[in-house]
Every structure is written in C-alpha cells, then in structure tokens.
Amino acid sequence: MSEVVHQWLLSLFSLFRRLGRGQFFLFHLLGGIPSLIPRFRLVIQQLYAIGVHSLTIVMVAGLFVGMVLGLQGYNTLVDFGAEESLGVLVALSLVRELGPVVAALLFAGRAGSALTAEIGLMKATEQLSGMEMMAVDPVHRMISPRFLAGFISLPLLTAIFTLLGVFGGYFVAVPLLGVDEGAFWSQMQARVDFFEDIQSGVIKSVVFGFVVSWIALFEGYDATATSEGVSRATTRTVVHASLAILGLDFVLTALMFGA
Amino acid sequence: MAKPTPQRKKTESTRGRGRRRSQKRRAEPLVRIRDLEFSHEGRYGTCPSLFKGINLDIHRGKIVAILGPSGTGKTTLLRLIGGQLSASAGRVEVDGEQLSTLNRKGLYRLRRRIGMLFQSGALLTDMTVFENVAFPILEHTRLPGKMVRDLVWMKLEAVGLRGAEALMPAELSGGMARRVALARAIALDPMMVLYDEPFTGQDPISMGVLMKLIRELNQTLRLTSVVVSHDVEETLSIADYVYLLSEGQVVGKGSPQQIRQAQSPWIQQFLKGEPDGPVPFHYPAEPFHTVLMGAQE
Amino acid sequence: MKQSRAVEIWVGLFMGIGIAALVVLAFYVGNLSSYNSVTGYRLEARFDEIGGLKPRAPVTIAGVQVGRVVAIHLDSQEYRAVVEMEIDPEKMPLQRLNEEGEPLIDEQGLRVMCDRNGEPPHCSTVLYEDASASILTAGMLGEQYMGLEPGGGALAFLYPGDEVRMTQSSIALEQVIGQFLFNQVDQE
C-alpha cells in the first residue's frame, strides 16, 4: 500500500518538475526573441514551414466546416421561419468558437506535431548538443524563431479559416438553399460585433498560438533522445495541446462572454 | 601541482595578460580532472554513480585516448570536459579555468575554443555541407561573406570534401558526415578537439582516413585531441597517451606500449577482446541448475 | 538563393492573405465599418419601456436602416428610458430651409439637401416635428430595433439633436396577455 502511495508521490513530483522545466524553457526561449530582430530571416523560414504548410488543411477544413454549419443551421432555423438568420448563425459560431478552436486543433495536429518531431529528432541526433558545443545557444537559435513563427501564424490561419467558413456557409445558404442574399449578409453585419465577437476570437487565437507553440516545442526539447521518446513526445503534443486548447477556450469564453 | 598556488590565482583574475599567462601554463596540462564524481539524474532521483573519483590529465599538443567498454561513461566524460554536464563532486579544469565556477557566458567563451566531433556527426540536417561548416563562423564572427567562403573551403579542403559542399547531410555516407563534422569542429581554429567514438561503424577505408586526419590535424593545427573510443587497435595506434576506464575508475594509464604490456588480467581481456575473464560472460544471476531444479518442483 | 526567394514570396503571400482575411472579417463580416463611419447627427427619444433594445441596434425608416442606437440611459426624473440615436447623413441627409423655415424646392419640385456639413438653422432633418419613434421586433424571435415615422401633420421640422416626442414603447408580451386576462375577469 505504501508502495503505491510512494509511486504516486513520485509521479506527482516528476509532474511538477516537468511543469517547472516548462516555465524555465519558456523564459529561456522568450529571452531569445530580441536577438531575432536583426535576423528575421530565421523567422521567415519557420513561417514558411509552419504557416504556409498549414494553409491548405486550414482552408479546406474551414470551407467544409462552414458548409456543414450552413446546412445544419438551415434545417433548424427553417422550422422557425428564421432562415434569414443563417448568416448570423454561421458567422457568430465561426468567429467566436469554431474558428479559433478548430484552427488551433488543426494547427496542433499539423504544425505542432511536426515541431515536436523536428526538435526531438534534433535532440536525438545530437544536433542540439552539437550546437551547444559550438557555443551557440540552441534554444535561442532553433526554438525561439519557431515559437515566434507559430505565435504569428495561428491568428492568421484562424482568420483565413473563419473567412472561408463564412463563404462556405454562404455557398450552401444562398445558391443551394435559396436564402436571400441581402438578408444573409446584412443580418450578419448587423449582429456580428467587431469588439465583442471578432476581437475576442482573435484574442483566443493569439492565446492558442502561444500555448500550442510552447507545448510543441517544449515536448520536443524535453523528449527522451530516442526514436521511441520522440514518437511519444509527438503524441503528447497533440493530446496536451488539444486539451489545453479546449480547456483554455472555456476559460476565455467565460472571461469574455460570461459576465 | 595539485593545489593551486596563490600566484596562479592572481594571474587568473587578470584577463589582459593572457599571452604571458598562457606561456606560463605551457607546461601545465590543458585539461585537469581531479576526484571527479558524477551520477546521472534519473526520473525519480539519482542513479548509481557513473564516476567514483577519476583523476586525469590531458597535456597540450598530445592525442590522448580514453578507452573503455560501452556504458562506462566515456561520452559523459567528454560532456563534462565540454561543460555540458556538471560534476557531482571534484574538479574539471580546462585551460586553467575551473568549469564549475564559470557562468554561462564564460562557458560559451571557453567552448568557442573547443571543437567536438559527435558520434553521429550531429550535422544540422536542414543545411548543406557548406552551410554547416560556415555555421559556427557566421554565428560568432562578422567576417565578410567572401572571407567566410574562403575559410569554409579551406576547412573542407583539409578534410578532402571541398567537392561535396552543395550536398545535404542526408546524402553523405557515415564517414563523409564525420569528416564534414570535423571540418566544422575546426572551423573556429580551436585549441582542443574532442572526438566521441570517431571510428564506430566505419568501414576500413574511412577509418583509415579519420585516423590520418586526427593525426595530421593535431600536428598542423597544434591541437590537443581527446579521443574516446572502444576500438582498441586504431586508437592505440594514433594515441600518445592512454587512459583505461572501467566501472567509474581509471584502471590503467600510460603510453600505448605500457598499456599493451600491462599485467592486469582485465586490461588483457579488454585489449584482446576475450569473451570470458575478469568480466564474466554471464550477467549476474542465480545458478542455472538451481533455477531449473526449482522449476521442476 | 533561388529557393529562399520562393520561401519569401510564399511567406509574404501567407501573411498578406492572413491579414487581408482579418480585415475582411472586421469590415465585411463584422461591423467595424459602422464604428468608424463619420459621425452623423443625433436624435433622441424617450420611452416608457424599451424592452430588449440595446445600443448598436439599427434605426430604420420604412425598413431602411439610416442609423444606430448609440446610448440608452434612464432619466431618473421621469423614470423613462432615453434612447440616443445617431443618423448617418449619407443615408438620411439634412434638407435646406429658407428664411421662413420651409424646405427649399428646386425647379423639378424636389427638396434641396444640405451637404454633410450643413448646420442649423439653415438645415434641418427631413423629419417633421410630429415624427414618431417606436420599438419593433424583427420577425417573431428577432432582435429589437427602432423604427421612425417621418410624420407630416406639423409644419416645422426636427433639427439635429432634437427629441422625437411621439414614441411608442416596446410591446411587452406579458403585459398584453396580462391586460387581456384582466379585461376578461372584469367582464365576468
């Protein structure tokens, strides 16, 4: 019995150690960001690897999510004779919730796992310690640009996702289901508020970008330096980042819309 | 020599007189390890200690080999010298500076004068051979592009791979990757190069090439080389001085001749690669016949 | 070098599309454009009951949106809700008046409008003094908005900043039902 308690305490202890390491890692990588300003090329390369490569999946997913929203929303709203509000429904649910959350989940799966695997493999193949022995700080040189690129990419990807979602909803609603085009747009514009809805969506995506990049890079950096360790770290990135996104989404929603 | 004189301490604190200081130290070993103890930190605390009091001197201009079976922590020893790990007890001094007293900046300044060749080469996989060798130069100097290019070509020429400058690391064979890594390790003209298992997994030709390179570079660049290995013959043939490491202790030291003639049965088993001897063939276990009998009942 | 140029182009494109998407979301899907529109002229109205009317609700004439509700507060002397609205002069311009306070008419018999900087007393709204404001509901479950009736019985016009005197409060369904039941009980 005491053995079980002992084991349990040990794993709790190691969990807190990990959290602490994560904090130090964050401070370390943030410390590398000022030195990136004269070498922005490093960030551009990562923006390409992280942002541009996630563009296709985000665009396609956005379009489909919007189309499904349009179809489902129409079936519900038509019973109340309120199909003109379809634009509002599609836009509000995308701008406030689905845009930031689904884009962040896709980002965690597409870019986050790739970041973890890349950094983890660099660690496993001694590239990071090699850099350290060349008196180059691997966190500043390799991690900070990736973090900054992830942090910039996700809000932009979210905006693209949301916009395509709105157009997806429009394509289903107006040409397919025959909702009045003017009502679709005008009600949407009347009801979607910039400060209340769009701004809070952007805040969410900024927070998610920060957290997903942090988790992905930390998991890679903290991975056991074996192929098994890297694959486990990659899985952990997707799981932890997804849970963090959904949990934070609740917290942020409660903060911004709850009161 | 073991205890530092007050005079030496004084010279250490005055940075400006580096030249005189280094002349004074010419005779002193470049790396001096005293009573080194170390144990890895595991998931739930510390593991059994890897080193139990090691004393080791690496003299300037020499090729010093550290031999020992796998798992004795030879690579760990290199990392301790490079300051990537810190000792649990004891001292590691490199060029008169005790590593445990150095801050990050001091450590990084010291590392610029140390090259390390990793077992895997540790080339940056998203850069070409040229960019890999240029990497430390670009990170630490502000030389004009043309001069960087000439420097890189010089280093690549030294390892015979100037023609491979446009290749990616994935396109290189293991031996070539190690030579590129060597060119990178000497890019900043270090005072010392640490070789981690340079011969492991190499075919005879690239092994020969690497042996030649280690010897030649050591002479022409006036390097100090530390070679960690378990390839006995190759290592003995290029080393000036050898340390044998086993179970956390130095079990033998001397010139290659002295090592070959050592009486210790353990050393003889290690050198000749005999399957059984002081290092038993069997991992400690209950006697097999008692296990079998027990299972029958 | 060639490769890095392609990378730069792609990244530039990505940033461009992303920022453009944000801008479109803000101005086209959302209503940022209406925040930044040049401030129009104000009118106010007092109601006994505003129901679910909120700031930023549309103000319409004949169903055409001409402005927005900008602020709602309580007049604590009269216990009535004061609704301030802002009218976009592009959508409902001011008209030019002659010395007698009558609208100027051009050769085709149409009223002459002021430009957007028109000031009283030469310019007034096109609403008569007996214009009325009511709080309406879009559809059965829709949001509430403000409807203006231009009036026509009076000769004078409302000026920017004036109060629309005639108002019809929001019809609270509970009250209507309550009244109906009360009448039923009375009759018996």
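Everything numeric here is computed off the predicted structure, so don't read it as measured data. Lettering of chains follows the sequences in order, A, B, ..., and the numbering in each one begins at 1. No hydrogens, no waters, no symmetry mates; every other heavy atom, side chains included, goes into these values.
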Verify the neighbour count for atom [atom1] of [X]: are there more than 12 heavy atoms of other residues, nucleotides or ligands below 6.0 Å?
| X | atom1 | value |
| --- | --- | --- |
| Glu97(A) | CD | yes |
| Trp185(A) | CH2 | yes |
| Glu84(C) | CD | yes |

Next on the checklist: Against Leu25(C), only a single residue in Val192(A), Asp197(A), Thr162(A) fulfils side-chain contact (heavy atoms from CB on, under 4.5 Å); can you say which?
Outcome noted: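 Of Val192(A), Asp197(A), Thr162(A), side-chain contact (heavy atoms from CB on, under 4.5 Å) with Leu25(C) is met by Thr162(A) alone.
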Item to check | Exercise: identify the closest heavy-atom pair between Val7(C) and Tyr48(A) | outcome: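 Between these two residues, the closest heavy atoms are CG1-CB, 3.6 Å.
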Checklist entry - Any idea which heavy atoms bring Gly18(C) and Ala159(A) closest together, and the distance? => result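 Of all heavy-atom pairs spanning Gly18(C) and Ala159(A), the closest is O-CB, 3.9 Å.
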Sort [X] into side chain, backbone, both or neither according to what part of it lies under 4.5 angstrom from a heavy atom of chain C.
| X | result |
| --- | --- |
| Ile198(A) | side chain |
| Ile160(A) | both |
| Val202(A) | side chain |
| Ile152(A) | side chain |
| Ser153(A) | both |

Next on the checklist: Can you tell me which of Val23(C), Leu22(C), Leu13(C) forms the most heavy-atom pairs within a distance under 4.5 Å of chain A?
Outcome noted: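 The answer is Leu22(C).
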Item to check | Contact check, side chains of Phe14(C) and Leu157(A), non-hydrogen atoms, under 4.5 Å | outcome: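 Phe14(C) vs Leu157(A): side chains touch.
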